[in-house]
Amino acid sequence: MKQPYPYEHAPRLAAQGDIPVCSLSEQQQGDLEIEIGPGRGAFLLERVRERPDARLIGLEIRWKWATLVDERLHKLGLGPHARVYAEDARLLLPRLQPDASVAAFFIHFPDPWWKSRQRKRLVVGKPLLDQMARLLRPSGMLFVQTDVTERGEVYETLIDAHEAFAQDGDQPGSARISACPWSARGNREKRAEQDGIPVVRLRYRRKG
Ligand SMILES: C[S@@+](CC[C@H](N)C(=O)[O-])C[C@H]1O[C@@H](n2cnc3c(N)ncnc32)[C@H](O)[C@@H]1O
């Protein structure tokens, strides 16, 4: 007999129409930060403690991880200001309103797809950048990191060429930063650190 899907109750947002960012969390005050693809949620769970004043939202395409991390946040009493929704960021961002309402986007180790037939799954691309540019407030931050050097170079070329973003790296005219600026670490980042795998870290600011 077919078993029922255990994550049928995954936290979802309305299937259609605009989504006001104020409906994403119970807490209404504080900077709104969005993590795309939090996976098992290590970064988000640590970041919540670093920024108790902020609202943190994860958008995770895998229902299992969205459900488990969101439940964890509730159990820890952090649900009012941090949630993870089982949503595809590429479809969800265009529906978020209003413009200039997000303080930061984090994208840690995205796009674990290498085959050309999987190219349609890639999350970091011009359409997503356009939406993040629309949603970020002036000087808002976009942070992307990856342990796949060639992917990092592709992201850097793509974002450098986008008219809405200014590089905010260690050196003027570059988005690269050598060390992670936060104490919060994602699962993949911890593994890269343990294994000594170099990480490409890129930080940009929304032009005013
Ligand atoms: C390699 S994992 C990295 C997970 C986590 N960020 C970390 O650093 O450990 C990439 C994550 O992005 C999620 N993902 C991929 N495409 C997505 C999309 N379009 N919208 C939301 N999440 C996505 C995957 O399900 C996966 O959890």
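Note that ligands are numbered from 1 as they come in the structure, with each ligand's atoms numbered from 1 the same way. No hydrogens, no waters, no symmetry mates; every other heavy atom, side chains included, goes into these values. Predicted model only: the values in this text are computed from it and were never measured.
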* N/O of D88 under 3.5 Å from N/O of ligand 1, yes or no? -> yes

* Asked: Which atoms of ligand 1 are found less than 4.0 Å from any heavy atom of L59?
  -> 21 (C), 22 (N)

* **Nearest heavy-atom neighbours spanning D70 and V84** => OD1-N, 2.9 Å

* Does any N/O atom on P110 come nearer than 3.5 Å to any N/O atom on ligand 1? -> no

Which pairs of donor and acceptor atoms, one on a side chain in residues 32-41, lie under 3.5 Å apart (sequence neighbours left out)?
residue: E33; atom: OE1; partner: R47; partner atom: NE; Å: 2.9
residue: E33; atom: OE1; partner: R47; partner atom: NH2; Å: 3.3
residue: E33; atom: OE2; partner: R47; partner atom: NH2; Å: 2.9
residue: E33; atom: OE2; partner: R51; partner atom: NH1; Å: 3.0

* Numbered atoms and elements of ligand 1 in range of N187, under 4.0 angstrom, heavy atoms -> 9 (O)

* Shortest non-hydrogen contact between A184 and E46, atoms and distance -> CA-OE1, 3.1 Å

* **Nearest heavy atoms of D31 and A103, plus distance in Å** => CB-CB, 3.7 Å

* To do: Below 4.0 angstrom from a heavy atom of E87, which ligand 1 atoms are there? Numbered from 1 as shown, please.
  => 20 (N), 21 (C)

* Evaluate the ring planes of W63 and Y5, with Trp represented by its six-membered ring, and classify them as parallel (under 30°), tilted (30 to 60°) or perpendicular (over 60°). => tilted

* Can you list the ligand 1 atoms lying under 4.0 Å from a non-hydrogen atom of V123? -> 18 (C), 19 (N)

* Please confirm whether I61 comes within less than 3.5 Å of ligand 1 when only nitrogen or oxygen atoms on both sides are compared. => yes

* To do: Determine, using heavy atoms of E189 and all atoms of ligand 1, whether some pair is separated by less than 4.0 Å.
  => no

* Asked: Any idea how Y204 and F165 line up, ring-wise: parallel (<30°), tilted (30 to 60°), or perpendicular (>60°)?
  -> perpendicular

* Would you say G37 and ligand 1 have an N/O pair spaced under 3.5 Å apart? -> yes

* Structure fact -> Honestly, for P38 the part within reach of ligand 1 (heavy atoms, under 4.0 Å) is backbone

* Interfacing atoms of ligand 1 (cut-off 4.0 Å, heavy-atom, A89) -> 18 (C), 19 (N), 20 (N), 21 (C)

* **Heavy-atom closest pair, residues H9 and P6** => CE1-O, 3.1 Å

* Close approach of R40 to ligand 1, heavy atoms, under 4.0 angstrom -> no

* To do: State the atoms of ligand 1, each with its element, that fall below the 4.0 Å cut-off from a heavy-atom position in R62.
  => 25 (O)

* Nearest heavy-atom neighbours spanning D168 and R205 -> OD2-NE, 2.8 Å

* To do: Could you go through the side chain to side chain donor-acceptor pair (under 3.5 Å) check for Q131 and R134 one step at a time?
  => CA-CA 5 Å; Q131 288 304 321; R134 177 181 72 79; 2.8 Å; yes

